Structure formats: structure tokens, C-alpha cells
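All figures in this text were calculated on a predicted structure; none of them were measured in a lab. Just follow the structure's listing: the first ligand is 1, and inside any ligand the first atom is 1.
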Amino acid sequence: MHAIIARTQLSPNVTRLDVAAPRIAEIRRPGQFVIVRRTEGAERIPLTIADANPDAGTLALVIQAVGKSTRELVALQPGDAIRDISGPLGVPTELIETGRALCIGGGVGTAVVHPIAQGLKRHGVQVVSIIGGRAKEWVIFESELHRLGEVLVCTDDGSYGRKGFVTDIARDVLAAGGIDIVYAVGPVPMMRATANLTRPLKVRTIVSLNPVMVDGTGMCGGCRVSVGGETRFACVDGPEFDGHQVDFELLGDRLGTYRAYEQQSLTRHEEACRIGPQP
Ligand code: NAD
Ligand code: FES
């Protein structure tokens with residue numbers, strides 16, 4: 001069992017849970033993730049390790065509450081516990097050793113960018129972050145990223161920072177030159193748009209993919225993606241890949257495959273919550 005140590009609401013549907021997982025906290029590296037099961041038999045949910053404190057033995061897990069299982073997870077409070085946490089899983093981020101890196105986080109993807117920026121800073125790389133959200137209250141990890149370098153903020157509605165998408169700011173930063181590598185994490189259209197910006201400039205671009213995952217061990221094939229025309233499994237070969245090689249259209253299609261089932265499950269969950277426990 002992994003105790004919840006702290007719970008923080010980061011945005012209207014994004015929650016941070018600090019959980020006890022000392023062995024993972026000690027060995028995890030940027031870019032890696034865990035798979036959690038809230039209770040025995042519960043759905044397995046892949047979650048980014050947004051931060052870790054090896055001294056306290058805790059992991060910061062960031063959860064976007066979009067379906068039944070994630071809503072149940074974010075309902076946990078300090079003192080509750082998560083049954084299983086397996087990890088760290090996935091290939092650690094390929095971090096450059098010198099130069100200047102542009103880290104781009106769209107919405108909840110900013111939580112994935114944070115440990116990458118931490119790793120880059122530790123290497124002595126100059127970090128510039130661009131982060132964006134739908135509106136001011138959707139912008140997350142701003143102060144944490146400020147500790148690691150310059151941060152440029154935007155919102156879709158202009159309520160905070162520059163009005164526009166993260167790619168609007170990225171276009172200007174890239175045009176000014178001096179960027180050695182881009183790390184971009186967020187919605188699929190955002191990662192695709194970023195890769196389209198950097199491809200003609202020949203700036204290496206790493207994206208973190210979020211296909212449906214089941215076992216997280218390369219056995220079920222659920223997380224397959226196409227990169228450079230080859231099938232790769234995000235759980236064991238990724239989740240980070242060369243953004244110029246990713247087939248984003250296929251990824252978007254596959255993410256949509258289960259949307260109707262997810263909605264059904266959520267509707268049943270909402271009805272059950274409304275009715276309350278039955279005798
Ligand atoms: P969102 O839809 O609120 O968008 C966040 C920001 O991304 C926007 O404010 C904008 O700046 C940018 N953006 C959105 N669409 C864009 C476009 N077409 N072109 C350029 N920029 C665009 O994001 P959200 O609700 O926080 O959702 C985040 C998404 O990221 C979810 O779909 C989730 O599944 C995914 N996600 C990805 C990872 C990963 O590892 N890749 C991890 C967690 C979540
Ligand atoms: Fe099953 Fe990756 S989650 S192969």
C-alpha cells in the first residue's frame with residue numbers, strides 16, 4: 001500500500017498526489033512513469049512521475065480527471081492509500097549535455113515536461129519553457145519551472161500571459177535561433193503542430209506519447225504507435241519518441257477508439273454517485 005501524503009488541486013481537472021513509494025522515488029529518471037491500481041482489481045492507470053523526493057520517499061503523480069477511474073483516484077485524500085504502484089516504467093528521457101533546450105508543455109502535459117526540465121538543468125543545459133492552458137486557472141507548474149529557467153506563459157483566452165497557443169510563442173522563440181533541442185508534451189494536435197514547426201528548421205524534437213496502456217510491459221500491444229513507419233510500444237520503447245517520425249494521425253485515431261466506452265463508464269459512475277450506495 002502507498003499512502004497519500006498530500007493532495008493539491010492544480011487546475012479545475014488536474015490534481016497532484018504526493019504518494020509514498022520510496023524505492024521508485026530513489027531510482028526514477030526524467031521521462032519515466034508508473035502504472036497504479038487504486039484497489040485490487042481496479043483499472044490500471046499510467047501516470048507521469050512529475051517529481052520525486054528521494055529523502056522523503058515520495059513521488060508526485062499528476063492526474064487529469066477525465067474518466068471513472070481517474071475521478072476515483074483524485075478523490076483520495078491524505079491518509080488514504082493506493083494499492084499498487086509499478087515502476088519506474090519506460091525509457092528515460094534522452095537529455096542533452098550542453099546548449100539550450102526549449103521545453104513546451106500544453107495543459108496537463110506541463111507536468112511531464114517538468115522532470116525533463118529538471119534533468120536538463122542538472123546537466124547544466126539552459127532551459128526555456130513555454131507553457132499554456134485554456135485560461136489562467138489551467139496553467140500548472142509555472143513556479144516549479146521558473147526555478148529551472150525562463151518561462152513564457154500563454155492562455156487560449158488571453159486571461160494570463162500572451163493570448164494564443166504554445167506553438168505561437170514557440171514559433172517566435174525558434175525564429176530567434178539558438179535552440180538545440182525541443183521537448184514537447186501535451187495534446188496530440190499540439191505535439192503535431194510543434195513537430196511541424198521544427199521539422200523545416202531541423203531542430204531535434206522529442207514528444208511524449210500517451211496512447212491507451214494496459215499492462216505496461218510490452219505484452220498486450222495496446223499502446224502501439226507508429227514511429228518512422230515501424231510499430232513501437234510506448235510503454236517499453238517510449239513514451240518519448242522523435243516527433244518528426246511519429247504518425248500523429250494514427251495516434252489520434254487510436255485514442256478515439258474507446259471514447260464511447262469511456263463515456264458510458266463515466267455516465268454509469270456519475271449515476272451511481274447520484275443514487276448513492278444501495279442497501
Ligand atoms: P488542452 O486541450 O487544454 O490544451 C493545452 C494547451 O495545448 C493549449 O492551451 C494550447 O496552448 C495547446 N494546444 C492545444 N491544442 C493545440 C493545437 N491544435 N495547436 C497548438 N497548440 C495547441 O489540454 P489538456 O486538456 O490539458 O489535455 C492535455 C492532453 O494531453 C490530453 O489529451 C492528454 O491525454 C494529453 N496528455 C499527454 C501526455 C503525454 O505524455 N503526451 C501526458 C498527459 C496528458
Ligand atoms: Fe501493453 Fe504497452 S501497455 S504493450
Side-chain angles (χ1 to χ4, degrees), residues 10-15 30-35 43-50 61-67 70 86-87 89-91 93 103-116 129-141 152-171 183-198 205-225 231-241 243 246 248 251-252 254-256 258-259 262:
L10 300 181
S11 85
N13 77 346
V14 178
T15 306
Q32 292 188 296
F33 65 98
V34 290
I35 289 189
E43 187 186 354
R44 297 159 63 86
I45 305 174
L47 294 174
T48 297
I49 306 173
L61 303 179
V62 170
I63 305 145
Q64 188 177 34
V66 285
T70 45
S86 35
L89 302 170
V91 180
T93 306
C103 295
I104 310 177
V108 68
T110 310
V112 186
V113 153
H114 175 250
I116 298 173
S129 300
I130 302 174
I131 61 175
R134 295 169 208 176
K136 185 171 188 219
E137 66 271 27
W138 296 86
V139 174
I140 65 171
F141 274 85
L152 305 164
V153 186
C154 61
T155 47
D156 301 3
D157 67 355
S159 55
Y160 188 52
R162 178 168 152 183
K163 184 176 192 311
F165 284 170
V166 283
T167 41
D168 296 324
I169 302 188
R171 190 177 293 108
Y183 299 87
V185 191
V188 172
M190 175 233 141
M191 293 190 285
R192 179 177 27 207
T194 305
N196 287 342
L197 275 182
T198 58
T205 299
I206 309 284
V207 294
S208 177
L209 305 185
N210 61 323
V212 172
M213 285 192 192
V214 184
D215 64 320
T217 65
M219 301 289 284
C220 73
C223 68
R224 66 185 180 278
V225 291
T231 295
R232 310 291 297 276
F233 295 140
C235 65
V236 288
D237 301 323
E240 294 177 6
F241 294 100
V246 171
F248 287 107
L251 175 63
R254 283 184 54 77
L255 279 169
Y258 301 102
R259 207 151 279 151
E262 287 161 3

Atom 11 (O) of ligand 1 - nearest protein heavy atom and its distance: V166 N, 3.1 Å
Top protein contact for atom 13 (N) of ligand 1, by heavy-atom distance: M190 CB, 3.8 Å
I131 to V166 - nearest heavy-atom pair and separation: C-CG1, 3.6 Å
Selected option - heavy-atom contact closest to atom 37 (C) of ligand 1, from L197, V112, I131, N210: N210
Proximal ligand 1 atoms for G133, defined as those under 4.0 Å from one of its heavy atoms: 9 (O)
Atom indices of ligand 2, in the order listed, that fall short of 4.0 Å to a heavy atom of C235: 2 (Fe), 3 (S), 4 (S)
Minimum-distance pair of heavy atoms, taken over all atoms of G87 and V34: CA-CG1, 4.2 Å
Nearest-option assignment for atom 9 (O) of ligand 1, heavy atoms, candidates D156, I169, D168, V207: D156
R192 vs L251 side-chain heavy atoms within contact, under 4.5 Å: no
Smallest separation among heavy atoms of F241 and F233, with atom names: CZ-O, 4.2 Å
Heavy-atom side-chain contact between M190 and F165 under 4.5 Å: no
Atoms of ligand 1 close to G107 [distance to a heavy atom under 4.0 angstrom, numbered from 1]: 5 (C), 6 (C), 26 (O)
Atoms in ligand 1 flagged as close to T167, the criterion being non-hydrogen separation under 4.0 Å: 20 (C), 21 (N)
Region of D215 engaging ligand 2 - heavy atom pairs below 4.0 Å: both
Element-labelled atoms of ligand 2 that are located less than 4.0 Å from some non-hydrogen atom of C223: 2 (Fe), 3 (S), 4 (S)
Close approach of M191 to ligand 1, heavy atoms, under 4.0 angstrom: yes
Where ligand 2 meets V214 - atom numbers and elements under 4.0 angstrom, heavy-atom basis: 3 (S)
Close side-chain approach of S208 and Y183, heavy atoms under 4.5 Å: no
Side-chain heavy atoms of V113 within contact of F141, under 4.5 Å: no
Heavy-atom check, side chain of W138 versus side chain of N13, under 4.5 Å: yes
Non-hydrogen side-chain atoms of P211 and R254 separated by less than 4.5 Å: no
Contact partition for M219 relative to ligand 2, non-hydrogen atoms under 4.0 Å: backbone
T155 to K136 - nearest heavy-atom pair and separation: CG2-N, 3.7 Å
V62 vs T48 side-chain heavy atoms within contact, under 4.5 Å: no
Protein contact of atom 3 (O) of ligand 1 - nearest heavy atom, named by residue and atom, plus distance: R134 NE, 2.8 Å
Smallest separation among heavy atoms of I35 and R44, with atom names: CG2-CB, 3.6 Å
Sidechain-backbone polar pair: T93 side chain, P30 backbone, donor-acceptor under 3.5 Å: yes
Close-contact set for ligand 2 against G216 heavy atoms, below 4.0 Å: 1 (Fe), 3 (S)
Minimum-distance pair of heavy atoms, taken over all atoms of Q32 and V91: CG-C, 4.4 Å
Option with minimal heavy-atom separation from atom 4 (O) of ligand 1, where the choices are G238, G106, P187: P187
Closest approach of any protein heavy atom to atom 4 (S) of ligand 2, naming residue and atom: G221 N, 3.2 Å
Which of the ligand 2 atoms, numbered from 1, are nearer than 4.0 Å to a heavy atom of C220: 1 (Fe), 3 (S), 4 (S)
Residue and atom name of the nearest protein heavy atom (relative to atom 26 (O) of ligand 1), distance in Å to one decimal: V108 N, 2.9 Å
Top protein contact for atom 24 (P) of ligand 1, by heavy-atom distance: Q64 NE2, 3.5 Å
Atom indices of ligand 2 within 4.0 angstrom of G218 heavy atoms, with elements: 4 (S)
Sub-4.0 Å heavy-atom approach of P239 to ligand 1: no
F165, any N or O under 3.5 Å of ligand 1 N or O: no
Heavy-atom nearest neighbour in the protein, as seen from atom 41 (N) of ligand 1, with distance rounded to 0.1 Å: S208 O, 2.2 Å
Taking atom 18 (N) of ligand 1 as the reference point, the nearest protein heavy atom with its distance: P189 CB, 3.4 Å
From V246, V185, L255, residue fulfilling side chain to side chain contact (heavy atoms under 4.5 Å, CB included) relative to L209: V246
